[in-house]
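Worksheet: the structure to be examined is printed underneath.
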Amino acid sequence: MSVSTNAARWQTATIAAIEPRTPRIKSFFLRTPHPVAHIAGQHVDVRLTADDGYQARRSYSIASAPGVVPIELAIDRLDDGEVSTYFHDTAQPGDAFELLGPIGGHFIWRAAEDGGPLLLVAGGSGIVPLLAMLRERARQRATLPTLLVYSARSWPDMAFGNELLELEMNDPSLRLLFVTTRGPRRRPQDREQRLDAAALVEVLAAWGSTPRHAYLCGATRFVEAMADALVRAGVDAPAIRAERYGGAS
């Protein structure tokens, strides 16, 4: 199956709805005249143009499962981010901007073709492309062993936490581990600590599966530490795919 790494043209995206996810993350549901036929893990580019012609462009992962309309972007508010602050402070339903995508052929996962066991490790807003994978997994009713390790400051900072719990409740082959760094843990089996390399190695040993695919997403230092831990734990380097971007992990 071929993978489109870049859609051919920009198009207009219109905000259909906005939904808060955490104190710093909001979901924006977008409608476009042409379908955004993405694979779980891909992203789009957003371009804003000011009245004076100044343009700002940023990349955002797609949170929705492939084929779901409208598509969903979950955007983390960065205090010095000119695009994210527009979305959080100014954007309203009905507003429009330019969108390019889907983009990306490396950080993708397809239930039927890629399979598992599947390991997903997220720091903060790094949950977004991994959520698309879990939503696609549920839509395909895949039962491959899957573990999500999700680290954030506290439970209120866990975007989509309740949805993730519901996915786990309905699927015995899916396991979740929430790791909070500055707040009490949600459940007895979760962890209240910094998710470092040693902790991830312990988690993998307890899971008992060797991942065929491992996807890591979050801030750069977080992702690098998790990748190093997986290699030390015996996961083949080619099985590890990482995506890094700004924001706290």
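Heads up: numbering here begins at 1 and tracks the sequence.
- By the 4.0 Å N-to-carboxylate-O rule, Arg57 lies too far from Glu82 to be salt-bridged with it.
- Salt bridge annotation for Asp79-Arg77: present, with a cationic side-chain nitrogen under 4.0 angstrom from a carboxylate oxygen.
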task: Starting from the C-alpha separation in whole Å, work towards a yes-or-no answer on side chain to side chain contact (heavy atoms under 4.5 Å, CB included) for Phe29 and Ser27.
output: CA-CA 6 Å; Phe29 296 87; Ser27 283; 3.9 Å; yes
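- Salt-bridge annotation for Arg221 and Glu224: absent, with no side-chain N of the basic residue lying under 4.0 Å from a carboxylate O of the acidic one.
- Atom CG of Asp52 is surrounded by more than 12 heavy atoms from other residues, nucleotides or ligands within 6.0 Å.
- Donor-acceptor pairing under 3.5 Å is lacking for the side chains of Thr180 and Glu192.
- Asp45 and Ser59 are linked by a side-chain donor-acceptor pair at a separation below 3.5 angstrom, with hydrogens and angles left out of the test.
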task: Start with the C-alpha distance between Phe28 and Phe97, add both sets of side-chain angles, then the distance that settles ring pair (Phe, Tyr, Trp, His ring centres under 6.0 Å), and finish with yes or no.
output: CA-CA 12 Å; Phe28 297 83; Phe97 52 87; 8.4 Å; no
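- Donor-acceptor pairing under 3.5 Å is recorded for the side chains of His34 and Arg9.
- In this structure, CZ on Arg21 lies 12.0 Å from CD1 on Ile127, to the nearest 0.5 angstrom.
- Electrostatic pairing of Asp190 and Arg186 does not count as a salt bridge here, judged by no charged N lying under 4.0 Å from a carboxylate O.
- The aromatic ring centres of Phe160 and Tyr150 sit 6.0 Å or more apart.
- Tested against Ser61 for a side-chain contact (heavy atoms from CB on, under 4.5 Å), the candidates Ile75, Val128, Val44 yield a single pass: Val128.
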message: One pair to check against side chain to side chain contact (heavy atoms under 4.5 Å, CB included): Val179 and Val203. What are the steps and the verdict?
response: CA-CA 11 Å; Val179 182; Val203 169; over 6 Å; no
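- A cation-pi contact, defined as under 6.0 Å to the ring centre and within 45° of the axis, is absent between Arg185 and Trp155.
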message: Set out, in order, the CA-CA distance, both residues' side-chain angles and the distance that settles side chain to side chain contact (heavy atoms under 4.5 Å, CB included) for Leu174 and Leu134, then state yes or no.
response: CA-CA 9 Å; Leu174 172 63; Leu134 289 174; 3.9 Å; yes
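- Between Arg137 and Asp171 there is a salt bridge, with a side-chain nitrogen of the basic residue lying less than 4.0 Å from a carboxylate oxygen of the acidic one.
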